[in-house]
Protein chains: 2
Amino acid sequence: MLKYQKIYNDLKIQIQQGFYKSGDLLPSENELCNKYSITRTTSRKALDELLKEGFIEKKQGLGSVVIERRKSLGLLNVKGFSEAGGSNVKNIFLQKPVISEWSDQIIFHVSEEETHTDCIHFERLRCIGPDPVMVEYNWLANFELSSLIEKEFVDQSFFKTLSQQYLIEIIGSKHEIRAEFANKKIARLLKVDEKTPVLHISVMFITSKPGFNIYAELYCITEKYPVSNFYKI
Amino acid sequence: MLKYQKIYNDLKIQIQQGFYKSGDLLPSENELCNKYSITRTTSRKALDELLKEGFIEKKQGLGSVVIERRKSLGLLNVKGFSEAGGSNVKNIFLQKPVISEWSDQIIFHVSEEETHTDCIHFERLRCIGPDPVMVEYNWLANFELSSLIEKEFVDQSFFKTLSQQYLIEIIGSKHEIRAEFANKKIARLLKVDEKTPVLHISVMFITSKPGFNIYAELYCITEKYPVSNFYKI
DNA sequence: TAGTGGTCTAGACCACGGT
DNA sequence: CCGTGGTCTAGACCACTAG
């Protein structure tokens, strides 16, 4: 392994495992130089990777600060899920994680490596205050992830669980977005009439674990809580 | 100006103005060192900026290759606009660029600097083959952009025109996405019934020109051509 | 004032691509 | 084989932040 990758990995794991928390300062570039017997070019390269992936911010005169929210991942968020914060948001399991068949609801191509593996599936209804706003179906290959089935999610967050317990990060995504009529099941769950327009988002999340993707089909009502997205180079 | 910024700027302008075209090789890192009397650290830094912003790909053993398609900007695209390519896509002006009032259709906050300036507005109907798929309303402040009103767009592309004629790049975006019923005008333009679900996307494009944003309201039918998005770190 | 990150120099060796 | 980008060393000076 390259030197800068070693430093990068060590620091990333310490961030993911909570040794460095949001707001903490990482060791300075010179401290890393001493600790690993490298030059500043190399310690900077390691930190620049963390910067690029949105784990830290660098502040001249201060240091490298760990940040809470990963840099915009091009993910689509329901406006309100982040603003409303934890207290006002409820995630209700319609189906707790189980081993199941791969569904033909998934519109993206699932690789053979994945389909030859068990599928973990779960469904959630996500609410802001008293309002149900999104139905979420998820599928992923069971690449040594069986404990997802037994344990609770960290902070009710699937991505946080993957990051902290399996060191798997989301590094990309594909979306397809449609406006559709709610079908019977979705209409019932979201407490709207059939023939209400709903947003149907098909997502494939690409992860840092090669060949491992997460597939989701989302249905949202957007009248009160539109889906939003922010991206900056 | 810093040395690496000077090299970066020089190269970027040459790419934008077409001196280096898609597929071309930029001068090698060592050539830049000689030309500008700098070290490789500095020439690499300049090229890394171009890499980060999606102008080039670096290929070990070959060089820095100019690429056509800017790295995924987190932009939402109608699936089909890119695949179908130029020949099958039609852009019909419903309103050619004109000076107008700022509209209250814009849902994002428009800065005072912008509202104190004239607004340039245009509307397009975008079609794939015989199918109208999107109605597009656009607004932007007339920061010395009057010639947009007289001239044709480069390859019918507004962003290409901004890049090549004004050296303005899109560096970020905010979206809000809703599923709605088509109103009368949209239904007529998209040749669907009223009460058909349409995708309504509100966009604010952030540009490389400080304080200059582009605002758009888009209405899409997504049955045949869903809106898609790809993002990778 | 001491320590931080930002820029830059002047070298070196390596892996990879095309000829 | 030569030239390319990728990694790395060992320094230097600067601008900025905090105590």
Side-chain angles (χ1 to χ4, degrees), chain A residues 1-12 14-15 19-68 71 171 208 210 232-233, chain B residues 1-12 14-15 19-68 71 171 208 210 232-233:
Chain A
M1 185 182 301
L2 298 172
K3 289 193 179 183
Y4 82 87
Q5 284 181 343
K6 163 81 176 137
I7 313 354
Y8 161 77
N9 260 321
D10 286 0
L11 291 172
K12 191 175 82 166
Q14 290 182 89
I15 293 171
F19 180 77
Y20 295 114
K21 293 172 192 56
S22 172
D24 287 357
L25 283 174
L26 292 189
S28 75
E29 296 177 352
N30 283 317
E31 282 170 346
L32 291 173
C33 293
N34 297 332
K35 186 170 170 192
Y36 289 95
S37 302
I38 51 172
T39 55
R40 256 189 82 208
T41 311
T42 308
S43 66
R44 280 180 64 77
K45 173 89 173 161
L47 291 170
D48 283 348
E49 290 295 307
L50 291 172
L51 181 70
K52 204 170 67 181
E53 299 196 355
F55 286 98
I56 61 168
E57 278 174 2
K58 285 181 160 197
K59 295 194 178 169
Q60 196 171 13
L62 181 60
S64 299
V65 185
V66 177
I67 51 183
E68 174 61 48
K71 178 175 97 183
I171 60 168
S208 55
K232 199 161 187 319
I233 277 184
Chain B
M1 185 184 299
L2 298 171
K3 290 192 179 184
Y4 82 85
Q5 284 181 344
K6 162 82 176 138
I7 296 57
Y8 161 76
N9 260 321
D10 286 0
L11 291 172
K12 190 175 81 166
Q14 290 180 90
I15 293 171
F19 180 76
Y20 294 113
K21 294 173 192 53
S22 172
D24 288 357
L25 284 174
L26 292 189
S28 77
E29 297 176 351
N30 284 316
E31 282 171 346
L32 291 173
C33 293
N34 297 331
K35 186 170 169 191
Y36 287 94
S37 301
I38 51 173
T39 54
R40 256 188 82 205
T41 311
T42 308
S43 66
R44 279 180 65 78
K45 173 88 173 161
L47 290 171
D48 283 347
E49 290 296 306
L50 291 172
L51 181 70
K52 204 171 65 182
E53 300 196 355
F55 286 98
I56 61 168
E57 278 174 2
K58 285 180 159 198
K59 297 196 176 168
Q60 196 172 10
L62 181 60
S64 299
V65 185
V66 177
I67 50 183
E68 174 62 47
K71 179 175 100 183
I171 60 168
S208 54
K232 199 160 191 317
I233 276 183

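Reminder, nothing fancy here: chain letters follow the sequence lines and each chain counts from 1.
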With A:Lys35 via salt bridge (Lys or Arg N to Asp or Glu O under 4.0 Å) - residues at least two apart | none

Contact letters for nucleotides 14-19 of chain D, in which S counts primed atoms plus P, OP1 and OP2 and B counts the base, heavy atoms under 4.0 Å | -BBBS-

Of all heavy-atom pairs between A:Leu47 and A:Ile56, which one has the smallest distance, and what is that distance?
-> O-CD1, 3.5 Å

Sorted by chain and number, sequence neighbours left out, side chain to side chain donor-acceptor pair (under 3.5 Å) with B:Lys59 holds for none

Pairing residues for B:Thr39 by the side-chain contact (heavy atoms from CB on, under 4.5 Å) criterion, not counting sequence neighbours = B:Thr41, B:Thr42

Are B:Lys45 and B:Leu2 side-chain neighbours, meaning at least one heavy-atom pair lies under 4.5 Å?
-> no

Round to a whole Å and report the spacing from CG of B:Leu32 to C1' of D:dT4.
-> 13 Å

At their closest point, which heavy atom of B:Ser22 faces which heavy atom of B:Ile67, and how far apart are they?
-> OG-C, 4.2 Å

Note: chain A reaches DNA chain C at heavy-atom distances under 4.0 Å over the stretch, first to last nt, 5' to 3', of C:dG3 to C:dT7

Excluding sequence neighbours, so at least two apart, what forms side-chain contact (heavy atoms from CB on, under 4.5 Å) with B:Ser28?
-> B:Asn30, B:Glu31

Which heavy-atom pair separates B:Glu57 from B:Leu51 by the least distance, and what is that distance?
-> CA-CD1, 4.0 Å

Which string of ( ) [ ] | and . matches DNA chain D, if you list each base 5' to 3' and count Watson-Crick or G-U pairs only when both distances are under 3.5 Å?
-> ||||||||||||||||||.

Could you pull out all residues at least two apart from B:Tyr36 that satisfy side chain to side chain donor-acceptor pair (under 3.5 Å)?
-> B:Asp10

CG/A:Leu32 to CG/A:Leu26 distance, rounded to the nearest 0.5 angstrom?
-> 7.5 Å

Residues in side chain to side chain donor-acceptor pair (under 3.5 Å) contact with B:Tyr4, at least two apart in sequence or another chain | none

Residues in side chain to side chain donor-acceptor pair (under 3.5 Å) with A:Tyr20, at least two apart?
-> none

Once you round it to whole Å, what is the distance between C1' of D:dG5 and CG of A:Leu2?
-> 14 Å

For B:Glu29, enumerate each residue passing the salt bridge (Lys or Arg N to Asp or Glu O under 4.0 Å) test, keeping only those at least two apart in sequence or located in another chain.
-> B:Arg40, B:Arg44, B:Lys58

DNA chain D contacts among residues 33-48 of chain A, heavy-atom distance under 4.0 Å | A:Ser37, A:Ile38, A:Thr39, A:Arg40, A:Thr41, A:Thr42, A:Lys45

